[in-house]
Number of protein chains: 2
Amino acid sequence: MAMGRPRGFDADAALDQAMEVFWRHGYEGATIAQLTEAMGINPPSLYACFGNKEGLLKAALDRYTKLRGAWMEEVVAAPTAREVAERMLMGIAEKQTDPANPPGCLLVQGGIACGTGSENVPFELAARRAQNEDQLRDRFIRAKAEGDLKETSDPAALARYVSAVAVGMGVMASSGADREALRQVASVAVQAVEAQSGRE
Amino acid sequence: MAMGRPRGFDADAALDQAMEVFWRHGYEGATIAQLTEAMGINPPSLYACFGNKEGLLKAALDRYTKLRGAWMEEVVAAPTAREVAERMLMGIAEKQTDPANPPGCLLVQGGIACGTGSENVPFELAARRAQNEDQLRDRFIRAKAEGDLKETSDPAALARYVSAVAVGMGVMASSGADREALRQVASVAVQAVEAQSGRE
DNA sequence: CCACATCTGTAGCGAACACTACAAATCTGG
DNA sequence: CCAGATTTGTAGTGTTCGCTACAGATGTGG
């Protein structure tokens with residue numbers, strides 16, 4: 001039944017380049033011309049492989065969260081809630097100022113507000129951020145069960161808090177904050193988690 | 001010397017409408033057609049009055065920060081660093097879920113990442129956010145001098161922290177978080193400031 | 001070697017974008 | 001009432017956007 005001409009580029013490598021363009025310019029700010037040039041392909045190849053611009057974004061987000069998934073597992077593997085928060089936020093301070101990537105976080109830079117016709121892009125990003133928050137929440141629920149968090153503390157609220165700080169750090173990073181500034185933010189932020197720690 | 005035909009609309013009222021459009025769709029997502037319709041004017045009036053799209057954004061940002069300036073002064077008028085943080089973050093939880101406005105904060109929704117040709121829009125927003133941070137920092141410096149913050153605490157880091165949480169809350173609000181969820185984040189966040197409070 | 005299926009590059013599609021030329025309309029100063 | 005100045009609405013401008021038609025290229029199955 002004939003298999004046809006094989007694809008002439010590596011989809012994952014191309015996605016890495018697309019990720020970077022979305023990361024730097026946002027969904028609406030990234031043009032197909034910029035994307036195809038970065039990916040080293042022509043528009044028809046892009047559309048044959050990913051459907052349309054939004055499909056390409058989703059594929060890039062999938063790859064992004066997949067790559068970060070391993071790191072998130074290291075984070076929640078920390079022994080205490082406090083250390084989970086510390087690993088998470090200190091790691092973010094590092095990652096979001098890594099010169100190998102655009103500053104900030106793709107899940108924020110990708111597009112917080114979009115124009116008519118792209119309304120679900122912000123939702124798409126929010127859903128991916130919510131995944132991280134859920135992982136944190138589950139970890140904090142365990143921490144509470146283990147007596148690592150106070151009886152009065154709310155794991156879901158704590159997870160939301162850490163997630164909010166992470167997002168805030170991302171925005172700061174994208175607007176020029178350096179690594180040391182982010183570390184200071186993380187350091188202060190962890191103290192709130194510490195205040196929730198303990199047996200009582 | 002003849003004064004010419006007077007302007008047929010109120011610039012501030014028009015700016016309020018423009019603010020809302022930028023707030024909801026971001027700088028790049030907002031089209032001139034949407035802006036002029038919301039403002040109740042035609043394109044030539046817009047360009048005669050504000051220069052171009054970016055000029056309109058700056059005017060809208062000026063108005064936004066001016067309107068919030070009064071509130072910020074109430075915030076820093078709180079008696080202690082802890083209460084400053086609490087008023088700020090609890091007030092933000094309220095404001096960012098006020099149905100009278102789009103959710104979130106214009107200084108974030110306006111545009112975190114932009115395409116080629118609008119690179120300075122994110123800088124413009126960051127500069128306005130930095131103003132708030134500076135106000136907080138100055139207030140925390142005073143708090144430290146008054147013995148309201150520990151000798152070991154860093155007022156600038158604390159201001160950056162509160163500012164980061166505020167931004168994070170804004171992003172959460174824009175993606176659907178309700179008032180109670182934001183209040184919980186604020187409540188946890190304040191505990192980090194509390195940990196820095198005291199004489200020692 | 002041939003029929004078929006899929007990918008690739010060229011070139012360009014209609015639509016939407018930010019922005020403006022122009023003339024009619026509306027004011028002030030004399 | 002008139003001359004000069006400014007604004008307003010109509011109706012576009014050229015450019016760029018996301019996306020695609022089409023034909024040639026490159027593979028597999030028989």
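Atoms considered below: every heavy atom in the structure, side chains included; atoms not considered: hydrogens, waters and symmetry mates. Below, chains carry the letters A, B, ... as their sequence lines are ordered, and counting in each starts from 1. Keep in mind that this is a model prediction, so the values were computed, not measured.
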Practice item. Look at the side chain of P43(B) and decide which nucleotide, out of dT20(C), dC27(C), dG29(D), has an atom nearest to it. Key: dT20(C)

Check your understanding: Hey, is the side chain of S45(B) poking within less than 4.0 Å of OP1 or OP2 on dT7(D), counting only N and O atoms?
Key -> no

Point to revise | Among dT8(D), dT20(C), dG29(D), the one nearest Y47(B) by side-chain distance | key: dT20(C)

Check your understanding: Taking CG from N42(A) and P from dA11(C), how many angstroms apart are they, rounded to a whole number?
Key -> 11 Å

Exercise for review: To the nearest Å, give me how far apart CZ (R5(A)) and P (dC22(D)) are.
Suggested key: 19 Å

Exercise for review: Inspect the contact between R137(A) and E133(A) and indicate whether a charged nitrogen and a carboxylate oxygen are less than 4.0 angstrom apart.
Suggested key: no

Check your understanding: Starting at CG of L57(B) and ending at P of dA18(C), how long is that distance when rounded to a whole Å?
Key -> 13 Å

Point to revise | Sugar-phosphate only, base, or nothing, as touched by P44(A) at under 4.0 Å among non-hydrogen atoms | key: base

Practice item. Look at the rings of Y64(A) and W23(A) and say which category their plane angle falls in: under 30° parallel, 30 to 60° tilted, over 60° perpendicular. Key: perpendicular

Exercise for review: Could you state the atom-to-atom distance from NZ of K53(A) to C1' of dT20(D) in whole Å?
Suggested key: 17 Å

Practice item. Could you check how far CE of M3(B) sits from P of dA3(D), rounded to whole Å? Key: 21 Å

Study note, to complete from the structure: Whole-Å distance, N52(A) CG to dC17(D) P, equals 17 Å

Review point. Would E83(A) and R87(A) pass as an ion pair if we require N to O under 4.0 Å?
Key: no

Review point. Nearest nucleotide by nearest heavy atom, which residue falls closer to the 5' end of DNA chain C, G40(A) or G4(B)?
Key: G40(A)

Check your understanding: Should the pair R7(B) and F9(B) be classed as cation-pi, given the thresholds of under 6.0 Å to the six-membered ring centre and 45° from the axis?
Key -> yes

Review point. Do any of residues 107-128 of chain B sit with a heavy atom less than 4.0 Å from DNA chain C, and if so which?
Key: none

Check your understanding: Which residues in residues 21-35 of chain B have at least one heavy atom lying under 4.0 Å from any atom of DNA chain C?
Key -> A30(B), T31(B), I32(B)

